[in-house]
Amino acid sequence: MPPTADVPTPDGLGAPVGLRTKDLLSIGDLSPEEIYLILDTAEAMKEVGTRSIKKVPALRGRTVVNLFFEASTRTRTSFEVAQKRLSADTINIAASGSSVVKGETLADTVRNLEAMAPDVIVVRHQSAGAGHLVARLCRARVINAGDGMHEHPTQALLDALTIRERKGTIKGLKVSIIGDLLHSRVLRSNVLLLRALGADVSVCGPATMMLPDMARLGVRATTSIDEAVEGADVVMLLRIQLERMRGYFFPSLREYFQLFGMTAERLKRAKPDAIIMHPGPMNRGVEIASDVADGPCSVILEQVANGVAVRMAVLYLLADEPQG
Amino acid sequence: MPVVMAADQVARSITRIAHEVVERHRTLDNLALIGIRTRGVPIARRLAAGLHDIVGTTVPTGVLDITLYRDDLMRHAVGPQPVLRKTDIDFSIDDRRILLVDDVLYTGRTIRAALDALIDFGRPGAIELAVLVDRGHRELPIKADYVGKNVPTSLSESVQVRLAEVDGLDEVVIQDASDS
């Protein structure tokens, strides 16, 4: 929206800045400035959640479709709360209750939804690139809420907001990401974001779950959890994704916990003020011990609270023109 | 670029408004100031300091960002969204007399947005409006209770309020759109 004579920019400091991208499919679509814009906007959005009437009229009359082909509690609820707080009209479509079970393809489902002129489509799908396909097929803005093992950009953004709130900055922090690296879209989005903002990132997991391209992304990899945790400012744990595993990656969940589970003892190697993060859902006693998950270093529930604010920010910044 | 208010005039206007506020209210115990971002905020803070100088009461002061309530959000086909900043009202506005503070009163649309926003925070006993400059050209039935200076303008002109806290100096200038 260009500043006009009767509409001064809210800060009067110059032309408003915005996102250049039509859709949010990958963290790679965002420049560091755009990431900071989303985080700053999310910080302002948090205040809406503290009011007695948790609703603002910014997206009044906009239609948002939540198209979820994969199970989700946190992300879907978080998006829906964000949409409702911005006064958008939301429609939820879950694969199990939709015509997908009757054999309709993703492309046909999306074309039919497009005919109803939604402004934004939030899509989660088990296949990498599903969001890109949806974006190519429709004029609506598309937000990737997780596509297979590829990316989950809003999760990385809410993690960044949580880290920045606790640590003041992201640049120069030592972040260790531990767990099922291979199957994790949360890892990919987080590595892209944290590297773009100048964090020192290392990853740790079983040798069978390493990724081939970590060095190219500027990330150190180790199979020793003690080495990974040493001196860390942030310890981020990833869920063991049994549902995505094709083959055997480790002998048993008990052995995994022995070698890679985060315990209070292991956490002592991190900085005294280190924070513990987990994108959820947690497998207690597999990737994280209960006393760590519920302990004083844990910011896991702050992550969930920040998820709503980050999604409000992304919806607000993307929905700058009516579709259809 | 004619200067319509210099620094000393800005200071005197704010002091005079503070006196008018004291004159109109039997007590300031129930009053709160809310500045509209960006430049309503330093004016509200100065007004609060002025009130403190006169009666010794510290009046609570809040910050309101009206971006999410603008009536032109998403009406333009191109260009990014306006930058959102934090609203910070750490007191209950229920049954209080709220003095809304902004730099320039023009179409009245910002004030309409601010009224909608305030009503989402609670039910104030009353809402009054103070502005440093009223430049006319209202598009809504809105009127200020306290005005620093009435500045007649044409539609092609724009009024710039500069304040030390934001811009490094205090002054109000009129710019013609054609030479900006």
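Below, chains carry the letters A, B, ... as their sequence lines are ordered, and counting in each starts from 1.
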Inset, instruction - Could you pull out all residues at least two apart from A/T162 that satisfy side chain to side chain donor-acceptor pair (under 3.5 Å)? - result: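 Scan of A/T162 (side chain to side chain donor-acceptor pair (under 3.5 Å), adjacent residues dropped) gives A/N306.
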
Inset, instruction - Return the set of residues passing side chain to side chain donor-acceptor pair (under 3.5 Å) with A/R85 (not counting sequence neighbours), or none when no residue passes. - result: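 Side chain to side chain donor-acceptor pair (under 3.5 Å) check on A/R85 returns nothing, list empty.
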
Over 12 non-hydrogen atoms of neighbours within 6.0 angstrom of [atom1] in [X]:
X     : atom1 : answer
A/K54 : NZ    : yes
B/K86 : NZ    : no
A/R60 : CZ    : no

Inset, instruction - Find out whether B/L68 and A/V48 are in side-chain contact, i.e. whether some heavy atom of one side chain is under 4.5 Å from a heavy atom of the other. - result: yes

Inset, instruction - Please tell me if the side chains of B/T67 and A/Y316 come closer than 4.5 Å, counting only heavy atoms from C-beta onward. - result: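 Answer yes - side chains close enough.
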
Legend entry - Smallest separation among heavy atoms of A/A319 and B/Q81, with atom names: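 For A/A319 versus B/Q81, the nearest heavy atoms are O-NE2, 3.6 Å.
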
Inset, instruction - Examine whether an atom of A/K55 lies under 4.5 Å from a heavy atom of chain B, and if so say whether it belongs to the side chain, the backbone or both; otherwise answer neither. - result: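 Just the backbone, heavy atoms under 4.5 Å.
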
Legend entry - Test applied, side-chain contact (heavy atoms from CB on, under 4.5 Å); reference residue, A/E47; option that passes from B/T87, B/D88, B/D65: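 With A/E47 as partner, side-chain contact (heavy atoms from CB on, under 4.5 Å) holds for just one option, B/T87.
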
